[in-house]
> 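Pasting in a structure now, in structure tokens, and then I'll have a few things to ask.
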Amino acid sequence: MSSPEYAELVRFLGQRFDTSDRRFDAIGRRFDELRTELLGHFDEIYRRLERLEQEYQAIMQALRRIEGRLVDERTRREMLERDLATLRENIAVLTARIADIEQRLRASS
């Protein structure tokens, strides 16, 4: 191969390599843009997940408070039911005593 042919080949290959370099640079930039975009999406997903986790924790705490109140209410209701039963028993005893007293009063009159 002669010197001019060699120079032409080097120039031709240089142009091809320059074209390939520009294409690879463009692809690299596009990958960088895509990576940045994907990282932005992941950041948004993580932010939303964090917010959902916080909301979940708040809901769980509220449920625990409600359950605690329900247990307290249940205990109070059971106490009221026992007191009501005791009152009914006392009323029954008092009613029997009143009936007995009325009967003795009628008998003595």
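Quick caveat: nothing in here was measured; it's all calculated off a predicted structure.
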> Determine, stepwise, if the pair Glu8 / Arg11 fulfils salt bridge (Lys or Arg N to Asp or Glu O under 4.0 Å).
CA-CA 5 Å; Glu8 181 65 25; Arg11 187 185 60 75; 2.2 Å; yes

> Kindly determine whether Glu73 and Arg69 satisfy salt bridge (Lys or Arg N to Asp or Glu O under 4.0 Å), including the steps that lead there.
CA-CA 6 Å; Glu73 289 296 320; Arg69 288 179 186 162; over 6 Å; no

> Quick one: which of Arg35, Arg30, Arg29 gives a salt bridge (charged side-chain N to carboxylate O under 4.0 Å, His left out) with Glu33?
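When Arg35, Arg30, Arg29 are each tested with Glu33, the salt bridge (charged side-chain N to carboxylate O under 4.0 Å, His left out) holds only for Arg30.
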
> Counting only heavy atoms not in Arg47, do more than 12 sit closer than 6.0 Å to its CZ atom?
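More than 12 within 6.0 Å, yes.
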
> Find the distance between CD (Glu55) and CD (Glu50) and round it off to the nearest 0.5 Å.
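Rounded to the nearest 0.5 Å, the CD-CD separation comes out at 11.0 Å.
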
> Do Phe17 and Phe12 sit in the same hydrophobic cluster, where Ile, Leu, Val, Met, Phe, Trp and Tyr count as joined when their side-chain heavy atoms come under 4.5 Å apart?
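Yes, one cluster joins them.
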
> When you look at Glu81 and Arg77, which way does the salt bridge (Lys or Arg N to Asp or Glu O under 4.0 Å) test go after all the steps?
CA-CA 6 Å; Glu81 288 172 354; Arg77 189 183 71 222; 3.6 Å; yes

> Tell me whether the count of non-hydrogen atoms from other residues, nucleotides or ligands lying under 6.0 Å of CZ in Arg48 goes above 12.
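For Arg48, atom CZ is not crowded (no more than 12 foreign heavy atoms under 6.0 Å).
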
> Does the pair Arg22 and Thr19 meet the rule for a side chain to side chain contact (heavy atoms under 4.5 Å, CB included), with working shown?
CA-CA 5 Å; Arg22 283 192 299 271; Thr19 302; 3.3 Å; yes

> Say you draw a straight line from CD of Gln103 to CZ of Arg106; how long is it, rounded to the nearest 0.5 Å?
7.5 Å

> Nearest 0.5 Å, what's the CD1-CD1 distance between Ile91 and Ile98?
10.0 Å

> For the OH atom of Tyr46 and the CG atom of Asp43, what is their distance to the nearest 0.5 Å?
8.5 Å

> Walk me through it: do Gln54 and Gln57 pass the test side chain to side chain contact (heavy atoms under 4.5 Å, CB included)?
CA-CA 5 Å; Gln54 291 171 356; Gln57 292 301 327; 5.8 Å; no

> Does a side-chain N-to-carboxylate-O contact under 4.0 Å join Arg104 and Asp100?
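A salt bridge links Arg104 with Asp100.
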
> Can you confirm whether Met60 is buried at CE, in the sense that more than 12 heavy atoms of other residues, nucleotides or ligands lie under 6.0 Å from that atom?
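More than 12 within 6.0 Å, yes.
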
> Measuring from Ile27:CD1 to Leu34:CG, what's the distance to the nearest 0.5 Å?
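Spacing of CD1 (Ile27) from CG (Leu34) equals 12.5 Å.
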
> Check whether more than 12 heavy atoms from other residues, nucleotides or ligands sit under 6.0 Å from atom CD of Glu44, and answer yes or no.
yes

> Does Ile59 belong to the same Ile/Leu/Val/Met/Phe/Trp/Tyr cluster as Tyr56, with side-chain heavy atoms less than 4.5 Å apart forming each link?
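Result: yes, single cluster for both.
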
